[in-house]
Amino acid sequence: MKVIIKSDYDEMSRYTADYIIRKINRHNSSPAGAERPFVLGLPTGSTPIGVYHCLVEAFKEGKVSFANVVTFNMDEYVGLPEDHPESYHSFMARHLFDHVDCPASHIHILNGNAPNLEEECRKYEEAIASYGGIDLFLGGIGPDGHIAFNEPFSAFDSRTRIKTLTKDTRIANSRFFGGDPSRVPEMALTVGIATVMDSREVVILCSGHSKALALKAVIEGALTQMWPISALQMHARGMIVCDDASAIELKVGTYRYFKQLENV
Ligand code: PGA
C-alpha cells in the first residue's frame, strides 16, 4: 500500500486531482485510449469536493478532457428523489458533471428509485464488466472505516447491493439533512467491497482529525471486517492520500517511513 501524506486538505486534493489527470491523459495517448474509455469510479461526500474542484479547473484550463472517460459512482440513497439536493445524482452534477465534458451516456449512478433494486444492482455490476472493469476507483473513508456504504462487518467479497445504513452513518450524514438523522434515508444501494477492490487501482482520500482512527486501522491495523477499508491492504495497487490532521494517530515510525518514500 502506498501512503501519501500532504500537509493539508488543499494539497491533498491537488495531488489527487493531478494524479487522476495524469492517468486519464496517459490512457488517452496510449493505444488503449483509442480502443476503450478510461473507466473511473467516483465517490461523494465532503472529502472529494476539493478534488472535483481541481478537476473542473483543469478541464477549464484545457489540461484534461472527460470525453473518453466512463464513470461509475459508488452509491445512492434508496427512495430519495433523483432531483433532491442531497441525492448523489444532484451532488455529482453540482460538483463535477455540470462543469466538464463527460457525455451523459458515460455517467453511471445507481438508481435508488428503480422498481427492482436487486436487478438494478445486478445490472450495475454487468455494466462495469461490460467496460472491462474499472481502471481507477477513487474513494473516501468513513470514521468507522466504511468504504462507500459498506459498513463495518460487510463481507470483503460483497458486490453491489442494498444496504441498511448504520445509526453512526445516519448521524454523520444528518449534517446534509437539517441535522436530523431520521431524515437521512435508511437504506442505500452501494457497490461492494469486492467491486471496489476489483479495480485495477484504488485511491482513497482521508482528511481531518475525525478520520484519524480509521486511517490508523487501515495502515497499521489487521485485516478485519470491522474496518472494511482494511481490505485495501490486499490490493496490489492501493494508495491512500491523506492530510496531516488525519495522520495524527500513526506511529512516528510509520509517518516518517511514508514521508521518506514520497521524497524518493
Ligand atoms: P466524507 O464521507 O467525505 O463526507 O467524510 C466519506 C465517507 O463516508 O465515505
Side-chain angles (χ1 to χ4, degrees), residues 6 8-17 20 41-55 72-78 80 85-92 94-96 109-110 112 137-154 158 160 163-179 181 183-193 195-197 199 202-219 225-232 238-249:
K6 293 293 174 192
D8 59 25
Y9 177 76
D10 287 348
E11 256 199 59
M12 183 190 113
S13 302
R14 221 172 2 255
Y15 176 91
T16 310
I20 294 170
L42 293 173
T44 54
S46 306
T47 316
I49 290 176
V51 175
Y52 291 148
H53 179 77
C54 294
L55 290 176
F72 285 89
N73 261 84
M74 284 190 149
D75 41 24
E76 179 57 286
Y77 291 116
V78 167
L80 199 64
E86 296 307 333
S87 80
Y88 291 165
H89 281 78
S90 299
F91 175 99
M92 289 308 300
R94 197 159 60 237
H95 292 290
L96 185 65
I109 306 179
L110 283 153
F137 221 130
L138 179 68
I141 173 172
D144 60 359
H146 69 222
I147 169 148
F149 276 128
N150 295 285
E151 303 285 22
F153 309 109
S154 293
S158 52
T160 304
K163 280 293 282 184
T164 304
L165 304 186
T166 62
K167 196 171 172 188
D168 280 354
T169 295
R170 291 179 78 205
I171 291 171
N173 289 8
S174 67
R175 66 192 195 278
F176 303 115
F177 291 85
R183 286 173 55 200
V184 180
E186 283 176 79
M187 290 193 297
L189 302 185
T190 180
V191 294
I193 296 178
T195 318
V196 177
M197 295 303 151
S199 308
V202 180
V203 177
I204 298 294
L205 298 166
C206 185
S207 167
H209 192 261
S210 67
K211 307 287 175 72
L213 287 176
L215 190 68
K216 182 180 176 60
V218 58
I219 297 175
Q225 60 178 355
M226 281 180 70
W227 294 98
I229 188 63
S230 69
L232 193 67
M239 177 164 83
I240 295 177
V241 188
C242 62
D243 58 9
D244 269 335
S246 63
I248 196 80
E249 295 285 347

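Keep in mind that this is a model prediction, so the values were computed, not measured. Just so you know, ligand 1 is whichever comes first in the structure, and atom 1 is the first atom listed for that ligand.
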Return each pair, listed once, that meets side chain to side chain donor-acceptor pair (under 3.5 Å) where at least one residue sits in residues 205-216; pairs must be two or more places apart or across chains. S207-D243, K216-E220
Test of understanding: with salt bridge (Lys or Arg N to Asp or Glu O under 4.0 Å), list the residues that count as partners of K6, not counting sequence neighbours. E262
Under a 3.5 Å distance rule, please check whether E76 uses its side chain to pair with a backbone N or O of H89 as donor and acceptor. yes
Could you check whether atom CE of M187 has more than 12 heavy atoms from other residues, nucleotides or ligands sitting under 6.0 Å from it? no
What orientation do F149 and Y77 show, parallel under 30°, tilted 30 to 60°, or perpendicular over 60°? tilted
Can you name the ring pair (Phe, Tyr, Trp, His ring centres under 6.0 Å) partners of F91, sequence neighbours left out? H95
Output for ligand 1, non-hydrogen cut-off under 4.0 Å, lists G45, S46, T47, G140, I141, G142, H146, R175, K211
